[in-house]
There are 2 protein chains.
Amino acid sequence: MATGRTHRPATRSRGIPEATVARLPLYLRALTALSERSVPTVSSEELAAAAGVNSAKLRKDFSYLGSYGTRGVGYDVEYLVYQISRELGLTQDWPVVIVGIGNLGAALANYGGFASRGFRVAALIDADPAMAGKPVAGIPVQHTDDLEKIIEDNGVSIGVIATPAGAAQQVCDRLVAAGVTSILNFAPTVLSVPDGVDVRKVDLSIELQILAFHEQRKAGEETAAGDGALPAATAPAVAADDSTDQGPDGDVPAVMPA
Amino acid sequence: MATGRTHRPATRSRGIPEATVARLPLYLRALTALSERSVPTVSSEELAAAAGVNSAKLRKDFSYLGSYGTRGVGYDVEYLVYQISRELGLTQDWPVVIVGIGNLGAALANYGGFASRGFRVAALIDADPAMAGKPVAGIPVQHTDDLEKIIEDNGVSIGVIATPAGAAQQVCDRLVAAGVTSILNFAPTVLSVPDGVDVRKVDLSIELQILAFHEQRKAGEETAAGDGALPAATAPAVAADDSTDQGPDGDVPAVMPA
DNA sequence: CAATCTTTGTGCACGCGTTCACAAAGACAT
DNA sequence: ATGTCTTTGTGAACGCGTGCACAAAGATTG
């Protein structure tokens with residue numbers, strides 16, 4: 001495997017590739033579905049199909065966890081569910097706070113997938129005093145002023161940021177200072193955090209833009225000429241659209257802070 | 001998913017790496033912010049910092065688009081904004097439909113980032129008859145029965161699925177049959193689509209589980225034996241080793257091609 | 001017990017993406 | 001013009017992830 005080129009005295013064991021980690025939840029979901037149907041065992045081929053991946057990849061992924069399969073038979077569903085859950089740390093309970101209870105924050109709070117597997121919404125936090133006390137998804141919203149106390153009291157280490165872009169970095173800083181070490185960021189901003197803090201981002205407009213790129217490429221393949229002429233080599237042309245996208249107050253303008 | 005660029009031997013060297021495409025929206029956002037502050041030029045170093053990436057990576061990314069920089073000076077902000085917009089296909093308008101107007105669908109409909117940059121919510125669709133006609137974000141919700149007609153009448157090629165998992169595949173099939181060739185899926189399900197259709201997925205619980213994994217690993221490093229868990233099974237994890245986590249890794253959008 | 005069949009686990013090769021490091025290009029000062 | 005300084009653009013090396021292909025392991029059958 002990953003070569004023995006470690007500058008470290010070995011102990012490779014814990015080296016689960018990031019790409020594999022990202023797929024484990026996918027396997028877990030498929031396995032859970034099988035479990036609910038009381039399917040006792042499953043082959044790499046079947047499970048791979050259910051998870052939408054290649055079977056060789058799946059087997060290699062599992063090989064990083066250990067040898068949990070039986071040749072000629074497949075994998076024991078229940079056992080694998082347990083092993084993956086354990087590996088992902090889902091056998092324990094993770095209190096999570098959601099900061100920014102706008103449309104998106106409320107949607108997240110209501111999202112069932114949260115509670116289902118190891119995660120628990122410990123608190124909802126918003127900067128709007130008018131929101132304070134108001135229940136969302138059965139949980140009363142608390143004011144940003146109490147953020148630090150909430151984090152501490154609940155032992156929260158995972159925070160979800162669903163604020164407008166302008167507030168994201170500030171909220172992030174406070175979360176981190178209060179002890180949060182993992183952040184899921186829905187605000188369209190690049191967050192900077194100290195080493196040791198993990199940030200993952202979910203950005204709708206980026207996803208759409210990537211789709212648009214491919215969509216345009218598809219369209220261009222048919223219309224040979226559609227490929228746009230050479231760049232207007234000279235003076236910088238300004239993009240047609242305005243570019244000022246201060247969303248109507250609501251959520252997240254697609255711009256960065258300073 | 002190899003993004004069907006396979007069947008095309010490349011009209012020319014238009015082979016922009018997928019990883020680069022995924023970063024272009026990031027650069028565009030940073031550039032737009034600079035543009036609004038009337039900054040005329042920017043160096044790869046500065047822009048890279050704003051976008052949260054490595055400057056060498058940024059320069060290489062731009063090199064795929066052409067040579068738009070000036071040595072000793074940097075890049076012309078306005079010009080670059082235009083070039084990237086054009087490359088991403090944002091100089092044209094993309095009508096988008098959102099299917100499934102629950103909490104999440106409504107949040108998406110209200111999301112400002114939509115309209116701002118090349119995308120327009122052409123229609124909201126929901127299976128609940130009670131929703132029909134009810135305006136969300138100023139747009140009346142239409143019933144699923146009219147899905148095909150809506151797609152056709154508006155020339156929609158990008159669809160957003162925000163339905164419950166159980167309905168996602170069915171909705172997907174109908175969207176594709178009606179002509180949609182790009183799908184952004186928020187439902188926690190693996191969608192299967194014919195070749196030529198792009199699917200990107202956004203999955204909250206997967207993101208959380210990935211964070212939990214890293215969170216657990218961090219905790220395990222300090223409390224060798226603590227935490228009740230039983231990671232003993234394998235060899236002991238080396239305490240100071242890794243350095244893997246790397247928070248500000250910037251890249252790796254929390255979304256993956258499906 | 002031996003033969004056969006199924007399915008895992010993995011060595012290996014390949015390709016993509018990242019990063020380094022530096023020559024070339026241009027701006028700018030003298 | 002000439003030299004210096006800044007910053008781009010890219011060749012090359014490296015590492016990670018993917019997929020192939022097959023030997024090993026165990027089930028199953030006769």
Side-chain angles (χ1 to χ4, degrees), chain A residues 1-8 12-13 15-24 26-27 39-49 51-77 79-80 83 210, chain B residues 1-3 5-6 10 13 15-24 26-27 39-49 51-77 79-80 83 210 234 242-246 248-253 256-258:
Chain A
M1 62 157 56
T3 84
R5 68 150 347 349
T6 58
H7 11 289
R8 276 300 171 193
R12 39 90 132 108
S13 63
I16 300 181
E18 192 57 32
T20 294
V21 172
R23 279 188 295 269
L24 291 181
L26 227 46
Y27 302 144
V39 177
T41 63
V42 64
S43 70
S44 64
E45 202 68 51
E46 294 168 318
L47 184 55
V53 304
N54 177 301
S55 71
K57 194 186 294 183
L58 178 144
R59 286 197 300 277
K60 180 147 293 194
D61 283 342
F62 285 177
S63 77
Y64 293 117
L65 306 184
S67 292
Y68 296 146
T70 303
R71 300 181 189 221
V73 176
Y75 299 90
D76 181 284
V77 173
Y79 189 53
L80 206 44
Q83 289 300 342
I210 295 172
Chain B
M1 57 76 164
T3 36
R5 80 153 131 330
T6 16
S13 53
I16 300 181
E18 191 58 33
T20 295
V21 172
R23 279 188 296 268
L24 291 182
L26 228 43
Y27 302 145
V39 176
T41 63
V42 64
S43 70
S44 64
E45 202 68 51
E46 294 168 317
L47 185 53
V53 305
N54 178 299
S55 72
K57 192 186 292 184
L58 178 144
R59 286 198 300 277
K60 178 141 293 192
D61 282 342
F62 285 177
S63 78
Y64 293 117
L65 306 184
S67 292
Y68 297 145
T70 303
R71 300 178 191 227
V73 176
Y75 300 90
D76 182 285
V77 172
Y79 188 54
L80 205 45
Q83 289 300 342
I210 294 172
T234 45
D242 58 349
S243 70
T244 41
D245 52 0
Q246 191 44 276
D249 59 45
D251 19 43
V252 202
M256 322 168 53

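Each chain gets a letter, A, B and so on, in the order its sequence line appears, and its residues count up from 1. These numbers come from a predicted model, not from an experiment.
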Colleague: In whole Å, what is the span from the CG atom of A/L47 to the C1' atom of C/dT7?
Modeller: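 Between C1' of C/dT7 and CG of A/L47: 14 Å.
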
Colleague: Measure OH/B/Y68 against C1'/D/dT8 and give the value in whole Å, please.
Modeller: 15 Å

Colleague: When rounded to the nearest 0.5 angstrom, what is the spacing between OG in A/S44 and CG in A/D61?
Modeller: 11.5 Å

Colleague: Nearest 0.5 Å, please: how far is CD1 in B/I210 from CZ in A/R23?
Modeller: 10.5 Å

Colleague: If you only use heavy atoms from C-beta on, which nucleotide in D/dG17, C/dC20, D/dT18 is closest to the side chain of A/R23?
Modeller: D/dT18

Colleague: Without decimals, in angstroms, what is the distance between A/R59 CZ and D/dT18 P?
Modeller: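 Checked: the CZ to P distance equals 14 Å.
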
Colleague: Rounded to whole angstrom units, what separation is found between the NZ atom of A/K60 and the C1' atom of D/dG17?
Modeller: 9 Å

Colleague: I need the CG-C1' distance between A/L58 and D/dG19, as an integer number of Å.
Modeller: 13 Å

Colleague: Whole angstroms only, please: what is the CD1-P distance between A/I16 and D/dG17?
Modeller: 12 Å

Colleague: Has the side chain of A/T70 got a donor or acceptor atom that lies under 3.5 Å from a matching backbone atom of A/V73?
Modeller: no

Colleague: Using a cut-off of less than 4.0 Å, is there contact between a side-chain N or O of B/Y75 and OP1 or OP2 of D/dG9?
Modeller: yes

Colleague: Could you measure the distance from the CG atom of B/L24 to the CD atom of B/Q83? Nearest 0.5 Å is fine.
Modeller: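 If we round to the nearest 0.5 Å, B/L24:CG and B/Q83:CD are 11.5 Å apart.
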
Colleague: What's the separation between atom OG1 in A/T41 and atom CG in A/L47, rounded to the nearest 0.5 Å?
Modeller: 11.0 Å

Colleague: Nearest-nucleotide wise, let me know which of A/K57 and B/A56 is further upstream toward the 5' end of DNA chain D.
Modeller: B/A56

Colleague: For the pair made of CG in A/D76 and P in C/dT8, what is the distance, rounded to whole Å?
Modeller: 13 Å

Colleague: Which pair of non-hydrogen atoms, one from A/A48 and one from A/S55, has the smallest distance, and what is that distance?
Modeller: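 Taking A/A48 first and A/S55 second, the nearest heavy atoms are CB-CA, 3.5 Å.
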
Colleague: Among B/Y68, B/Y79, B/Y27, exactly one meets ring pair (Phe, Tyr, Trp, His ring centres under 6.0 Å) together with B/F62. Which residue is that?
Modeller: B/Y27

Colleague: How close or far is atom C1' of C/dT10 from atom CG of A/L65, stated in whole angstroms?
Modeller: 15 Å

Colleague: Please confirm whether the shortest side-chain N or O distance from B/S43 to OP1 or OP2 of D/dT7 is below 4.0 Å.
Modeller: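 Answer no for this pair, as no side-chain N or O of B/S43 is under 4.0 Å from OP1 or OP2.
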
Colleague: If a protein heavy atom is under 4.0 Å from the base, mark B; if only from the sugar-phosphate, S; if neither, -; do that for nucleotides 25-30 of chain D going 5' to 3'.
Modeller: B-S---

Colleague: Considering only side-chain heavy atoms of B/S67, which listed nucleotide, C/dG17, D/dG9, C/dT10, is closest?
Modeller: D/dG9

